[in-house]
Amino acid sequence: MAVGITSYGAYIPLHRISREVFYNAWGGVKMAGERSVCNFDEDSLTMATESAIDCLTGIDPKTVDGLFFATTTAPYKEKLCASLLATVLDMRRDIRTLDVTGTTRAGTSAVATAVDVIKAGSAKSILVTSGEHRMAAPAGDFEMALGDGAAALLIGDKGVIASIEGSYTISDEFAGMWRTDTDEFIRSWEDRMVYDKGYSDVLAEGIKGLMEKYSLSPGDITKVVYDAPLEIRRHAQMARTLKFEPEQVQDPLFDTVGNTGSSLAMMMLVTTLEEAKPGDKIVFASYGNGADAFVLQVTPQIKKVKGRRGMKNHLASKKMLENNDRYLRWRRLVPLERARRSEQSPVSIAGLHRDRMIALGLYGVRCKACGTPQFSQGGSYGYFTPLRVCVECQAIDQMEPYRFADKKAKVVTFTEDRLADSPDPPTTVTVVDFEGGGRGIFDMTDRGAAEIQVGMDVEMTFRKLFSDRGIHNYFWKTRPIRC
């Protein structure tokens, strides 16, 4: 039974910032290129959602048997994010869900676990997602070097586009970079120890171990994909150590995205798969308190993967942040004057559970008598009005569930609220008509004031609204269609 990758997807936030902006603000070491910056309403979970949606293009999520979420920046320390993500994606209840965290190789560790589960016969397909939003203290090298992003791989035994021919894993206890449960920013030991005794030694040992285990030489490999440390020169040095030619080595995305932690190796692999041809042999590896390494064989099925935004299209779709102030506001690293309005109403846990298919899955209803879709607009978060009467034919209690999350829409009207409590004013509120019917009111994100017009096409995106007593409240927003 061949087990491997059957689909892939990726996500890079729309916004980027030139590293020159950081240098002009703080001084320090000057770095070239730019890095990705997630919006104020994005986090590791929302970005993983975007990559998963991309990966599942043309695939019914209810046919997938499990979801693994890999990250070092989960929005919860005690609450399964994979289950929340599965609800957003409209997956079945009888699936395996798992959060993999604590290491920057969480993504590859999740892939290894998914392969083992499928080979054991416990599942036919597992969706592995990884999203990362690591925080760095201002005025340091990490602030320039880190990036935000996500990737997803569907692992299965049918329609395999890249079979996983073998793997090799080592464990290593070395605290080169870490973050405690009370730390907001990542910490690091001195560079010599982090890169010489950590990355350079351990990742090289993992890849060499894989090559020896399967009797491979550098000349057998079409592309080698391995993540980079924050000191980017070490990535090229690793290639020389392993005796790979420069053209064999996948670009580490440092100049265009930055270091995305546990998502980086998977994002790099998606880039490789976008250009891969049948017969290509790929080494795929990641480092973090040890190393995971895989050897992949691309199959003719790779030609059937189409319609993904992937890495290529997301890289081409971007907006630049012009100053450091906006970055600091979005990261909530500076205090802001609060809006002169009443406080947000407390969130009801019971209401969130009752309305989870509306708030997370963006479900409305459709009249079984005449086929008219309707969306229930909540008076406040967690309090959605049940829809019993059809607005078109007035049929009573003839409703069936109807999902709006995958529908595009057009703006009917909009308003811009400059007094709302927001780190990115003004707050843009849109009224939209969905393709196929249905109308709803949603905030708009990733927008520029000049872009917004009545009649413009928009798509739905899953975002974070606010937090209340430790509960992160997510909902859907509109955005101009990307890519």
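The chain is numbered in sequence order, starting from 1. Here the structure is a predicted model, which means the values were calculated and not measured.
Looking only at distances, no side-chain donor or acceptor of Asn324 sits under 3.5 Å from a matching main-chain atom of Tyr327. Although no hydrogens or angles enter the test, the distance criterion places no donor-acceptor pair under 3.5 Å between the side chain of Thr71 and the main chain of Val100. Within the 3.5 Å criterion, the main-chain N or O of Ala139 finds a donor-acceptor partner in the side chain of Glu143. When atom types are taken as modelled, the side chain of Tyr226 and the backbone of His235 share a donor-acceptor pair closer than 3.5 angstrom. Under a 3.5 Å cut-off, the side chain of Arg96 and the backbone N or O of Ala114 do not form any donor-acceptor pair. A donor-acceptor contact shorter than 3.5 Å links the side chain of Asn473 to the backbone of Ile471. Under the 3.5 Å distance criterion, the side-chain polar atoms of Lys124 are left unmatched by any main-chain donor or acceptor of Gly156.
Shown here is Trp178, whose CH2 atom has more than 12 heavy atoms of other residues, nucleotides or ligands within 6.0 Å. Enclosure of atom CZ in Arg329 by more than 12 non-hydrogen atoms of other residues, nucleotides or ligands within 6.0 angstrom is indicated.
Taking Arg308 as the reference, nothing meets the salt bridge (charged side-chain N to carboxylate O under 4.0 Å, His left out) condition, with sequence neighbours excluded. In this structure, the side chain to side chain contact (heavy atoms under 4.5 Å, CB included) partners of Glu205, at least two apart in sequence or on a different chain, are Ile170. Residues satisfying the salt bridge (charged side-chain N to carboxylate O under 4.0 Å, His left out) criterion with Lys312, sequence neighbours excluded, are Glu275. By the side chain to side chain contact (heavy atoms under 4.5 Å, CB included) test, Asp201 pairs with Lys197, sequence neighbours left out.
The line from CD of Glu247 to OG1 of Thr222 is 11.5 Å long, rounded to the nearest 0.5 Å. Between the CE atom of Met311 and the OG1 atom of Thr272 there is a distance of 10.0 Å, given to the nearest 0.5 Å. In this structure, Ile481 CD1 and Met456 CE are separated by 8.0 Å, a value rounded to the nearest 0.5 Å. With values rounded to the nearest 0.5 angstrom, Leu253 atom CG is found 6.0 Å from Met267 atom CE. Put simply, OG on Ser36 and CD on Glu132 are 11.5 Å apart, with the number rounded to the nearest 0.5 Å.
Among the candidates Leu45, Thr49, Thr97, the single residue satisfying the side chain to side chain contact (heavy atoms under 4.5 Å, CB included) test with Leu84 is Leu45. The side chain to side chain contact (heavy atoms under 4.5 Å, CB included) test with Val128 is passed by exactly one of Val111, Thr108, Leu67: Val111.
Taking the six-membered ring for Trp and the full ring otherwise, the centers of Phe442 and Phe404 sit at least 6.0 Å from each other.
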Before you tell me yes or no, could you show the steps for Asp99 and Lys79 under salt bridge (charged side-chain N to carboxylate O under 4.0 Å, His left out), namely the whole-Å CA-CA distance, both residues' side-chain angles and the distance that decides it to 0.1 Å? CA-CA 9 Å; Asp99 287 355; Lys79 186 179 186 297; over 6 Å; no

Trace of the side-chain contact (heavy atoms from CB on, under 4.5 Å) decision for Ser167 with Val115: CA-CA 10 Å; Ser167 64; Val115 171; over 6 Å; no

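Under a 4.0 Å N-O distance rule, the pair Glu165/Lys281 does not qualify as a salt bridge. Of the charged side-chain nitrogens involved, none lies within less than 4.0 Å of a carboxylate oxygen, so that Asp141 and Arg19 do not count as a salt-bridged pair. Ion pairing between a basic and an acidic side chain is recognised when a charged N comes within 4.0 Å of a carboxylate O; Arg234 and Asp191 show no such pairing.
Taking the six-membered ring where the residue is Trp, Phe40 and Trp330 present tilted rings, their angle falling between 30° and 60°.
The list of salt bridge (Lys or Arg N to Asp or Glu O under 4.0 Å) pairs with a residue in residues 292-304, not counting sequence neighbours, reads Arg105-Asp292. Identified under the salt bridge (Lys or Arg N to Asp or Glu O under 4.0 Å) test for residues 38-56, with sequence neighbours left out: Asp41-Arg463, Asp41-Lys477, Glu42-Arg463, Glu50-Arg479.
Looking only at side-chain heavy atoms (C-beta outward), Asn259 and Arg134 come within less than 4.5 Å of each other.
Residues Pro423 and Pro425 come closest through the heavy atom pair C-CD, 3.5 Å.
Defined by atom type and a distance below 3.5 Å, a donor-acceptor pair is present between the side-chain atoms of Asp446 and Asn39.
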